[in-house]
Amino acid sequence: MSPDLSLKKALKYDAEDAIRAYRSAFFHSEEDLIYLDGNSLGRLPKQTTSLLHEEISNAWGTRLIRSWNEEWIGLPQRLGGKLANLIGAAPNEVLFADATSVNLFKLAHAAMKAQYPRQEIISDTLNFPSDLYILQGVLDQFPGAPSLQLVSSSNDIDISLNEIRKKISQKTALLSLSLVTYKSAYLYPMKEITAAAHDAGALVLWDLSHAAGAVEIDLHDAGVDLAVGCSYKYLNGGPGAPAFLYVSQRLQQSLESPLKGWFGDARPFAFESDYIPAEGIQRFSVGTPPILSLAAIEPGLDLLNKVGMSAIRLKSQNLQSYLLELFNHRLEDLGFTLGSPIDPERRGSHVSLQHSFAGQICQALIDPGEGQSVIIPDYRAPNSIRLGLTPLYTSFQDIWTAVDRMVQIMETKEYLKFPEKPVGVT
Ligand SMILES: *Cc1c(COP(=O)(O)O)cnc(C)c1O
């Protein structure tokens, strides 16, 4: 029996979707805009607009510096507690601070120092480039000949567990990987990998940027040492929102941040000349947090906590399998190939489609002719179209329409109207 590929089927799935109501918790300025880039910049929760207005007019405008004691000083840890609940951590193990890159530097450096004289960090070729740059920069801070060992992928989609196991040795100080890889969405088996590293005495640092708010994560169950991640993707915290870091309680007192700022000191308002690290997770803070950007993270965290990660993951997998069904029957014959793992258990919440005209197809989706929906995916050079499926607001109809447009763009050769190299942020 051939599958039902009609729009009617998509609408039926939407009607059966248990969490469809959350779509309206987000700001939609153009009703027919189809946004499939929530894995790069999540949508704006409606609540954020009023919360920021209140924060500016009342907390800043009226209460002025009194707001530090009234609410701001504890905000990075209070919000950390709300995220902890989504990633299987305790509230006193998570802190919002700085950018992901900076947090990675702090924690990887702390791990290298604690693991001396081990000389090696292991990562993979699928990791986000900034993470690899940061790890190189960390190694530059240590004497001798420390090295970054990269496990490579045979297909640019996944990494074999055995290859990782083979690389880990008694020389390994730290294994640092992205739980969901940014291009292919490969989802590592976190618990197995963490255990393999621990067997050799290595520490593990997971980058959760494409995983937090997208997949179920249990840091405690997996025995994870360290983690960092971004809050403007699936957490919907807004452009440049402060990132987060996690340090297991059992390591907090023995690790030392290389960036010793006053917010990580035990007595920031004593203005002493010598640094004494604060107790617990607070020692990984550096300077004054960007309060307005930080405050904007809360509504997204509240929505995710309300829905719960198991319902989010379930819908994410349903959206993905629907997309793959349409892909198999409508896109494969048009030169598209799958750039993500086939196994749904090994996939995060975005799907990568590859095409030799990927850049031009993305431009045609974003900039259609009169009467067509604007569709925003993202393009990753040289040939990937990433479709971010964000369960809180992506509908089955969005997916149907996006696939239908891609078919149309190919059949009419509309993509040829666009230059080969897209410009600007993609
Ligand atoms: C998005 C992302 C980042 C972002 O880093 P910033 O320093 O916050 O800009 C880092 N690492 C990974 C794996 C990402 O996906």
Side-chain angles (χ1 to χ4, degrees), residues 37-43 76 79-80 83 87 94-109 121-138 148 150-151 153 156-159 174-188 190 193 204-215 217 224 226-246 258-259 284-287 289-290 293-294 296-297 300 339-340 347-352 377-381 384 386-390 425-426:
D37 210 357
N39 58 317
S40 271
L41 176 67
R43 273 189 181 275
L79 297 184
L83 176 63
I87 58 176
V94 182
L95 178 78
F96 280 94
D98 306 311
T100 310
S101 304
V102 178
N103 289 334
L104 181 63
F105 182 85
K106 290 186 287 188
L107 298 192
H109 190 289
I121 298 181
I122 295 175
S123 188
D124 70 29
T125 55
L126 300 183
N127 208 346
F128 194 64
S130 185
D131 290 37
L132 300 179
Y133 309 155
I134 291 286
L135 295 174
Q136 289 160 21
V138 165
L148 179 62
L150 297 182
V151 179
S153 166
D156 261 354
I157 292 178
D158 56 19
I159 298 269
L174 179 70
L175 174 65
S176 181
L177 299 167
S178 288
L179 181 58
V180 173
T181 62
Y182 79 105
K183 242 192 235 176
S184 72
Y186 174 60
L187 168 61
Y188 268 110
M190 184 167 72
I193 300 269
V204 183
L205 194 172
W206 290 101
D207 188 327
L208 308 179
S209 291
H210 275 88
V215 300
I217 301 170
V224 172
L226 304 163
V228 296
C230 164
S231 53
Y232 50 82
K233 293 170 181 163
Y234 293 92
L235 301 184
N236 307 304
F244 61 87
L245 60 85
Y246 157 90
L259 301 178
F284 299 98
S285 181
V286 184
S293 299
L294 190 59
I297 296 171
S340 290
R347 231 174 21 231
S349 199
H350 61 279
V351 172
S352 211
D378 76 12
Y379 168 63
R380 284 291 170 265
S384 296
R386 276 193 321 188
L387 304 175
L389 310 180
T390 40
V425 175
T426 61

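When a residue number appears, it is its place in the shown sequence, counting from 1. Just follow the structure's listing: the first ligand is 1, and inside any ligand the first atom is 1.
- Among protein heavy atoms, the minimum distance from atom 7 (O) of ligand 1 is reached at Ser101 OG, 2.5 Å.
- In terms of protein heavy-atom proximity, atom 4 (C) of ligand 1 is nearest to Tyr232 OH, 3.2 Å.
- Counting atoms of ligand 1 from 1 in the listed order, those under 4.0 Å from a heavy atom of His210 are 15 (O).
- Atom 14 (C) of ligand 1 has as its closest protein heavy atom Lys233 NZ, 2.9 Å.
- The protein heavy-atom contact nearest to atom 5 (O) of ligand 1 is Thr100 CB, 3.4 Å.
- Taking only nitrogen or oxygen atoms, main chain and side chain alike, Tyr182 does not reach within less than 3.5 Å of ligand 1.
- In terms of protein heavy atoms, atom 11 (N) of ligand 1 is closest to Asp131 OD1, 2.8 Å.
- In this structure, the separation between OG on Ser153 and CG on Asn127 is 12.5 Å, given to the nearest 0.5 Å.
- For Tyr186, the ring pair (Phe, Tyr, Trp, His ring centres under 6.0 Å) partners two or more places apart in sequence, or in a different chain, are Tyr188.
- For the pair Lys233 and Phe128, the cation-pi criterion (under 6.0 Å, within 45° of the ring axis) is fulfilled.
- Without hydrogens or angle criteria, Ser130 side chain to Ser101 main chain gives no donor-acceptor distance under 3.5 Å.
- In terms of N/O distances under 3.5 Å, ligand 1 is not approached by Ser178.
- Between Asp156 atom CG and Leu126 atom CG the span is 6.5 Å, to the nearest 0.5 Å.
- Looking at atom 3 (C) of ligand 1, its nearest protein heavy atom turns out to be Phe128 CE2, 3.5 Å.
- Side chain to side chain, Ser178 and Thr181 fail the donor-acceptor criterion of an N or O pair below 3.5 Å.
- Ser352 and Arg380 share no side-chain donor-acceptor pair at under 3.5 Å.
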